[in-house]
Amino acid sequence: MAKTAFENVYYWEGKAQIPQEGQFIKLKEDNTLEVPDNPIIPFVEGDGIGPEITPAMILVVNTAVEKTYNGSKRIHWVEVLAGDKADEKVGERLPQETLDVLKESIVAIKGPLGTPVGKGVKSINSALRRAFNYYSAVRPVYWMGQPTPIPNPERVDLVVFRENTDDVYAGIEFFSGTPEAQKVREFLIKEMGASEEGFPEDVGITVKPMSEFKTKRHVRKALRYALENGKKNVAVIGKGNIMKATEGAFINWAFEVAEEPEFKGKVITDPEAEPGEGQVKLVKVITDQMLMQLVLRPEAWDVIIAENLNGDYVSDLAASLIGGPGFVPSGNIGDGYALFESTHGTAWDIAGKGIANPLSITLSGAMMLEYLGWKEAADKIYEAVRKTLADRIGTPDIAGGFQKQGIEAKAVGTMEFAEEIAKRIA
Ligand code: NAI
């Protein structure tokens with residue numbers, strides 16, 4: 001297993017090793033962070049390719065922080081257990097200790113965690129989201145020079161804000177043929193005016209709840225991001241024409257947020273107007289329209305605000321435009337609490353071979369640095385990744401992609417790719 005040789009990485013040994021030299025990030029009353037120069041950042045290696053890509057990320061992030069701050073700032077990485085490794089070491093997949101350390105540390109990063117199918121094992125990713133109320137999944141999608149399925153991929157530079165706690169994610173389902181489905185069906189027909197035709201006896205029912213409170217806090221996060229980062233074109237998406245009480249309401253609530261004192265005058269909603277300096281424009285787009293537009297003119301959008309299910313479709317389509325989820329970082333962000341993670345899964349088919357692409361988690365590491373306010377260090381990572389890809393060096397998936405396009409490229413292993421990136425950090 002590849003391990004980083006850095007002295008600021010504290011692997012789990014019988015328990016999480018909290019270093020004396022590190023300090024915990026503090027959450028201020030307004031949910032912003034007070035970040036010390038020596039923050040403790042917990043990491044979960046992850047299952048499958050996790051033990052290969054996570055050390056690669058640490059190498060790149062450490063190098064960028066060192067080169068930017070010359071030792072005056074330094075992350076103290078503390079391993080916490082989850083998934084297969086936790087099961088193996090302590091007999092449970094999400095130990096209380098991990099939850100305790102994550103709570104104290106506020107900000108953390110993780111590799112992919114598998115959900116064994118059919119073993120009654122609950123998703124750890126969902127459990128973490130619930131425990132820390134990471135209500136927005138933030139997915140920046142931008143091109144760094146990798147091979148892509150579309151021409152002029154530099155046109156793609158947007159961030160999808162996917163709601164993480166509402167919608168079908170929080171819903172309930174009743175399977176066809178069960179007494180529960182019959183009970184709900186009868187209630188809907190007898191008391192709520194539903195038709196027999198729409199709800200025949202063999203119906204299965206999924207309930208899709210969406211709430212004003214959860215929608216608005218998510219929308220505020222996205223609009224703040226757009227304003228703080230000089231983004232201009234923001235779309236709120238949904239099938240509001242079909243699902244008026246949920247997706248239609250989602251869109252209406254988004255426009256209500258635009259009228260709140262914090263945003264009034266800064267978020268313009270006239271579709272014909274051009275946003276001025278310090279302004280963003282919020283428009284509504286039907287989800288299927290957005291999926292088409294992303295393929296035909298992705299340059300039109302800077303920020304896309306979506307509820308849970310639409311956010312899933314849109315973020316995967318956007319990611320595939322620039323080569324797939326292997327190149328896209330992700331942050332699950334709530335009121336201050338944040339967990340950054342790779343967007344792909346555990347990739348067991350290539351695990352242990354040293355060939356996994358570490359970019360998703362590495363770019364998530366850069367996103368985490370931005371979240372800490374260490375943007376200069378994050379920028380160094382972006383630049384170095386661009387240079388490495390421009391030099392046509394990458395893991396076999398990347399090199400193979402170039403070669404398919406007739407471009408010569410050098411295939412290297414996971415750690416070697418990270419070293420090549422680190423070498424280019426100036
Ligand atoms: P997957 O992403 O693990 O694999 C799909 C394909 O992409 C495989 O051929 C794999 O080799 C390739 N791939 C994925 N990441 C790669 C990388 N970094 N470099 C090179 N190739 C890569 O998706 P799958 O098979 O659907 O899921 C496997 C497991 O991962 C499941 O248990 C699933 O629940 C879990 N998962 C976890 C996520 C998380 O922790 N955030 C997200 C998605 C899936």
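Quick note: numbers below take in every heavy atom, side chains included, and nothing from hydrogens, waters or symmetry partners.
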**Request:** Scan side-chain atoms only and decide if Gln96 and Asp100 contain a donor-acceptor pair under the 3.5 Å cut-off.
**Result:** yes

**Item:** Residue that, paired with Tyr11, satisfies ring-ring contact (aromatic ring centres under 6.0 Å, His included) out of Trp77, Phe6, Phe43
**Value:** Phe43

**Item:** NZ (Lys28) with more than 12 external heavy atoms under 6.0 Å
**Value:** yes

**Arg297 CZ to Arg155 CZ distance, which is reported to the nearest 0.5 Å** = 11.0 Å

**Request:** For the pair Asn164 and Asn332, evaluate side-chain contact (heavy atoms from CB on, under 4.5 Å) and give the outcome as yes or no after the intermediate values.
**Result:** CA-CA 8 Å; Asn164 240 350; Asn332 296 291; 3.1 Å; yes

**Prompt:** Where do Asn8 and Arg74 come nearest, in terms of heavy atoms and distance?
**Reply:** ND2-CG, 4.0 Å

**Asked** Trp374 versus Thr68: any side-chain heavy-atom pair under 4.5 Å?
**Response** no

**Prompt:** Quick one: does Asn241's side chain get under 4.5 Å of Lys239's, heavy atoms only?
**Reply:** yes

**Leu339/Phe132 under side-chain contact (heavy atoms from CB on, under 4.5 Å): CA gap, chis, key distance, verdict** = CA-CA 9 Å; Leu339 179 64; Phe132 296 101; over 6 Å; no

**Message:** For the OG1 atom of Thr388 and the CD atom of Gln146, what is their distance to the nearest 0.5 Å?
**Reply:** 12.0 Å

**Message:** side-chain contact (heavy atoms from CB on, under 4.5 Å) for Lys103 and Tyr337? Distances and angles first, verdict last.
**Reply:** CA-CA 8 Å; Lys103 183 150 202 274; Tyr337 286 89; 4.1 Å; yes

**Item:** Spacing of Leu81 atom CG and Leu94 atom CG [to the nearest 0.5 Å]
**Value:** 10.0 Å

**Request:** Would you name the heavy atoms of Asn357 and Leu359 that are closest together and state the gap between them?
**Result:** OD1-N, 2.9 Å

**Prompt:** Rounded to the nearest 0.5 Å, what separation is found between the CD1 atom of Ile251 and the OG1 atom of Thr287?
**Reply:** 7.0 Å

**Asked** If every non-hydrogen atom of Phe199 is compared with every non-hydrogen atom of Ile189, which pair is closest and at what distance?
**Response** O-CD1, 3.8 Å

**Prompt:** Does a side-chain heavy-atom distance below 4.5 Å link Pro55 with Met415?
**Reply:** yes

**Asked** Do the non-hydrogen side-chain atoms of Val280 and Val303 ever get within less than 4.5 Å of each other?
**Response** no

**Request:** Output yes when a side-chain donor or acceptor of Thr246 lies under 3.5 Å from a complementary backbone atom of Met210, and no otherwise.
**Result:** no

**Item:** Stepwise salt bridge (Lys or Arg N to Asp or Glu O under 4.0 Å) test for Lys110 and Glu341
**Value:** CA-CA 5 Å; Lys110 67 176 268 294; Glu341 64 172 339; 2.5 Å; yes

**Request:** Determine yes or no for a side-chain-to-main-chain donor-acceptor pair under 3.5 angstrom, with Ser176 supplying the side chain and Asp202 the backbone.
**Result:** yes

**Fill in**
Rounded to the nearest 0.5 Å, the CD1 atom of Ile237 sits from the CG atom of Leu291 at a distance of 7.0 Å

**Prompt:** Should the pair Lys214-Glu163 be classified as a salt bridge under the 4.0 Å nitrogen-to-oxygen rule?
**Reply:** no

**Prompt:** Counting N and O atoms only, with roles assigned by atom type, does the side chain of Glu173 sit under 3.5 Å from a partner on the main chain of Phe175, one being a donor and the other an acceptor?
**Reply:** no

**Derivation of the side-chain contact (heavy atoms from CB on, under 4.5 Å) call for Ile53 and Met57** = CA-CA 6 Å; Ile53 59 172; Met57 175 276 295; over 6 Å; no

**Request:** Kindly give the heavy-atom pair with the smallest separation between Leu158 and Pro298, and that separation in Å.
**Result:** CD2-O, 4.2 Å

**Message:** Donor-acceptor pair, distance only, cut-off 3.5 Å: does the side chain of Thr54 make one with the backbone of Pro51?
**Reply:** no

**Message:** Whether the side chain of Thr395 engages the backbone of Asp397 through a donor-acceptor N/O pair (distance < 3.5 Å, no angle test) should be reported.
**Reply:** no

**Request:** Over 60° means perpendicular and under 30° means parallel, so classify the ring planes of Phe161 and Tyr225, tilted if in between.
**Result:** tilted

**Message:** Is it the case that over 12 heavy atoms from other parts of the model lie below 6.0 angstrom from the CZ atom of Phe255?
**Reply:** yes

**Complete:** Scanning both residues in full, the closest heavy-atom pair of Asp166 with Pro209 reads OD1-O, 3.1 Å

**Complete:** Here the pair of heavy atoms bringing Lys232 nearest to Gly276 is NZ-O, 2.8 Å

**Complete:** Separation between CE (Met292) and CG (Leu296), nearest 0.5 Å, reads 7.5 Å

**Asked** Got a salt bridge between Asp316 and Arg139, using NZ or NE/NH1/NH2 to carboxylate O under 4.0 Å?
**Response** yes

**Item:** Note, Val141 side chain near Ser315 side chain (heavy atom, < 4.5 Å)
**Value:** no

**Request:** Give a yes or no on whether the backbone of Glu420 and the side-chain of Arg424 come within a donor-acceptor separation of less than 3.5 Å.
**Result:** yes

**Request:** State whether the side chain of Thr343 and the backbone N or O of Pro325 hold a donor-acceptor pair below 3.5 Å, judged by distance alone.
**Result:** yes

**Prompt:** Is it true that Lys380 and Glu376 make a salt bridge, defined as a side-chain N closer than 4.0 Å to a carboxylate O?
**Reply:** no

**Message:** Has Lys221 got a side-chain atom pairing as donor or acceptor with Gly334's backbone, closer than 3.5 angstrom?
**Reply:** yes

**Prompt:** Heavy atoms, side chains only, cut-off 4.5 Å: are Glu370 and Met367 in contact?
**Reply:** no

**Request:** Using modelled atom types only, decide if a donor and an acceptor are shared between the side chain of Lys281 and the backbone of Ala273 within a distance under 3.5 Å.
**Result:** yes

**Non-hydrogen side-chain atoms of Ile18 and Tyr10 separated by less than 4.5 Å** = no

**Request:** For the pair Gln279 (side chain) and Gly265 (backbone), establish whether a donor and an acceptor sit closer than 3.5 Å, ignoring hydrogens and angles.
**Result:** yes

**Request:** For residues Arg220 and Phe263, determine if any side-chain heavy atom of one lies less than 4.5 Å from a side-chain heavy atom of the other.
**Result:** yes

**Prompt:** Would you call Glu212 and Lys216 a salt bridge, taking side-chain N to carboxylate O under 4.0 Å as the test?
**Reply:** yes

**Request:** Count the heavy atoms of every other residue, nucleotide or ligand shown that sit under 6.0 Å from NZ of Lys73, and state whether that count exceeds 12.
**Result:** yes

**Item:** Geometric class of the Phe250/His218 ring pair [parallel <30°, tilted 30-60°, perpendicular >60°]
**Value:** tilted

